[in-house]
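What follows is a single structure, written as structure tokens, with notes after it.
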Amino acid sequence: MIAAVLRRLEMIARLSETWFHRPPSPTRVVFDVTRRCNLRCAMCRTWEHPGTGALTAEEIERILGQLPRLTWLDMTGGEPFVRPDIERVLRAGATVPRGLTVFHFQTNGWLSERVEAVTAAVRAAREDIELIVTVSIDGPPEVHDAVRGREGSAARALETLDRLGRLPGVEVHVGTTVSSQTAGALGRTEAMLRARGFDLRRWHWNWLQTSAHFFGNTDIEPKPVVPGDLLRRHMARRGVPRTMVELMESIYLLNLDAVARGEDSGVPCQALRSAAFISPEGQLYPCHLYDRPLGSLREHSVAALWHGHAVAKARDDIDALACGGCFSACEAYPALAGAPVRTATVTAARLLRRLRENA
């Protein structure tokens with residue numbers, strides 16, 4: 001307990017560094033550990049990639065060892081659990097960055113027993129960090145299976161959700177991609193989760209996004225789903241946040257509602273200031289959306305790229321919104337944490353406006 005409190009204080013100290021200057025290495029990283037996936041999702045094309053050339057577990061460990069200020073790590077895919085060495089990879093994610101406070105990874109839940117066993121091993125390997133696992137569930141079985149392109153995927157995801165929920169010290173979330181295929185079923189999805197006793201504060205929504213280097217889905221033309229009432233009902237069902245992660249999610253959703261109305265987020269992006277994305281092949285990117293490779297971590301150290309000309313130029317372009325701008329959850333979280341005064345100001349103003357609207 002004391003170690004966890006000290007780790008949380010260390011996280012605040014590391015985040016506070018980003019309030020005043022750019023840290024010498026990233027404090028938050030999204031690490032894509034594989035392009036391979038055993039499902040055939042309609043909104044993502046990573047499964048079409050041959051999945052060759054991915055970093056080995058040893059290479060991943062070496063890169064993680066070059067991130068001394070890392071406090072929040074997300075490991076993603078593809079489906080991470082199709083890697084035969086995923087236990088070693090996730091254990092490295094938890095143990096190599098000694099300053100880590102929050103470790104998050106996701107799964108589609110198909111390999112239920114393996115997900116449970118590996119997650120338990122990761123929890124045992126490092127007891128002083130907050131361990132979060134997201135299970136992707138896009139609707140009731142008929143909707144989820146259609147979206148995910150494989151019959152039985154909903155049943156397996158729900159089984160994995162139940163298995164993980166029984167593990168002590170693991171915070172389990174459900175992740176839903178809101179698209180034209182899933183938006184109409186969100187009410188039934190809520191009812192299904194409630195029936196299983198799932199805490200809806202841990203139900204996370206992502207709006208469908210396109211990305212050349214991450215999702216590989218720029219060839220699709222998603223029908224836009226306007227957040228509007230969907231998002232406001234979701235905020236209401238979540239209730240009062242009880243943890244730091246829940247508070248961050250609530251702040252994100254409140255500001256996303258404003259962005260969906262056409263407002264600027266009002267919060268500067270932290271991509272390449274405190275946050276970065278690493279591809280399965282070890283390419284450094286600003287984030288999961290901006291298709292701008294900045295160099296190979298197989299050929300260069302994190303420090304060499306982080307302080308290099310390519311990253312500096314990309315950072316200038318991000319400030320100028322040459323990237324196109326976004327307010328996706330993966331980028332919004334570090335943005336909100338990286339500018340607390342600005343975040344508090346714009347969030348308070350939007351909250352007051354919403355209260356007046358509802359009065």
Side-chain angles (χ1 to χ4, degrees), residues 14-15 17-35 46 49 51-78 80 89 92-93 95-105 211-216 268-326 328 330-335 337-338:
R14 289 176 186 273
L15 287 175
E17 179 182 19
T18 69
W19 304 342
F20 305 105
H21 65 88
R22 183 172 181 261
S25 62
T27 58
R28 195 264 181 150
V29 165
V30 177
F31 207 137
D32 188 357
V33 298
T34 183
R35 296 189 189 277
T46 187
H49 193 281
T52 56
L55 295 167
T56 65
E58 184 178 5
E59 288 175 314
I60 291 172
E61 290 168 350
R62 176 178 57 79
I63 293 170
L64 290 171
Q66 299 173 31
L67 297 167
R69 279 176 163 71
L70 189 64
T71 186
W72 186 308
L73 174 63
D74 289 271
M75 281 190 165
T76 186
V89 169
T95 61
V96 173
R98 295 310 304 168
L100 196 68
T101 303
V102 178
F103 184 31
H104 168 254
F105 52 87
S211 167
H213 74 88
F214 182 42
F215 298 115
C269 182
Q270 289 289 309
L272 300 181
R273 175 175 170 81
S274 64
F277 177 94
I278 300 172
S279 80
E281 300 79 25
Q283 279 286 334
L284 182 70
Y285 286 86
C287 64
H288 75 298
L289 296 178
Y290 192 11
D291 188 21
R292 186 162 176 171
L294 299 164
S296 172
L297 292 171
R298 277 182 161 141
E299 301 171 6
H300 307 280
S301 68
V302 171
L305 294 182
W306 188 250
H307 297 288
H309 173 74
V311 166
K313 180 62 170 64
R315 179 65 221 173
D316 289 342
D317 289 344
I318 291 167
D319 285 340
L321 296 181
C323 58
C326 75
S328 72
C330 285
E331 311 317 319
Y333 268 52

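The basis for the numbers below is simple: all heavy atoms, side chains too, and nothing from hydrogens, waters or symmetry mates.
- The side-chain heavy atoms of Glu331 and Cys326, taken from C-beta on, include a pair separated by under 4.5 Å.
- The two residues Gly77 and Asp32 make their nearest non-hydrogen contact at CA-OD1, 3.1 Å.
- Within the 4.5 Å cutoff, side-chain heavy atoms of Pro26 are placed close to those of Val302.
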Using side chain to side chain contact (heavy atoms under 4.5 Å, CB included), reason through Arg28 and Val102 one step at a time and then give a plain yes or no.
CA-CA 10 Å; Arg28 195 264 181 150; Val102 178; over 6 Å; no
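- Interatomic distance, Thr34 OG1 to His49 NE2, rounded to the nearest 0.5 Å: 9.5 Å.
- For Ala314 against Leu294, the heavy-atom pair with the smallest separation is CB-CD2, 3.8 Å.
- Distance CG/Leu73 to CG/Leu67: 8.5 Å, rounded to 0.5 Å.
- Contact between Val311 and Arg22 at its shortest, heavy atoms only, is CG1-NH2, 3.3 Å.
- No donor-acceptor distance shorter than 3.5 angstrom exists from the side chain of His288 to the backbone of Ser211, with no hydrogens or angles considered.
- A salt bridge is absent between Arg298 and Glu281: the closest approach of a Lys/Arg side-chain nitrogen to an acidic carboxylate oxygen does not fall below 4.0 angstrom.
- Taking the ring centroids of Phe31 and Phe277, they lie at or beyond the 6.0 Å cut-off.
- With a 6.0 Å radius and a threshold of 12 heavy atoms from other residues, nucleotides or ligands, His21 has its NE2 atom above the threshold.
- Residues Leu284 and Ile278 form a side-chain contact, since some pair of their non-hydrogen atoms from C-beta on lies under 4.5 Å apart.
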What do the steps show when you test Tyr285 against Asp291 for side chain to side chain contact (heavy atoms under 4.5 Å, CB included), and what is the final call?
CA-CA 7 Å; Tyr285 286 86; Asp291 188 21; 3.7 Å; yes
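- Thr71 and Thr101 share a side-chain donor-acceptor pair at under 3.5 Å.
- From Leu70, atom CG reaches atom OG1 of Thr27 across 7.5 Å, with rounding to the nearest 0.5 Å.
- With rounding to the nearest 0.5 angstrom, the CZ atom of Arg292 is 8.5 Å from the CG atom of Leu272.
- Inter-residue side-chain proximity for Leu305 and Leu297 is flagged as met; some heavy-atom pair is nearer than 4.5 Å.
- Separation of atoms SG (Cys330) and CZ (Phe214) is listed at 7.0 Å; rounding is to 0.5 Å.
- Looking only at side-chain heavy atoms (C-beta outward), Pro24 and Arg69 come within less than 4.5 Å of each other.
- Here the side chain of Arg273 pairs no donor or acceptor atom with the backbone of Gly338 at under 3.5 angstrom.
- Counting all heavy atoms, side chain and backbone alike, Pro68 lies closest to Ser25 at CD-OG, 3.7 Å.
- Side-chain contact between Ser328 and Leu289 is present, with heavy atoms from C-beta onward closer than 4.5 Å.
- Checked against a 6.0 Å centroid threshold, the rings of Tyr290 and His213 do not count as neighbours.
- A pairwise comparison of heavy atoms in Trp306 and Ala276 identifies CZ3-CB, 4.1 Å as the closest pair.
- In this structure, CZ in Arg62 is found 10.5 Å from CD1 in Ile60, a value given to the nearest 0.5 Å.
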Step by step, would you call Thr76 with Val33 a side chain to side chain contact (heavy atoms under 4.5 Å, CB included)?
CA-CA 6 Å; Thr76 186; Val33 298; over 6 Å; no
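- Minimum interatomic distance between Arg315 and Asp319 (heavy atoms only, all atoms of both residues): NH2-OD1, 2.5 Å.
- At least one donor-acceptor pair under 3.5 Å links the side chain of Thr46 to the backbone N or O of Arg35.
- The backbone N or O of Thr56 lies less than 3.5 Å from a partner atom in the side chain of Glu59, making a donor-acceptor pair.
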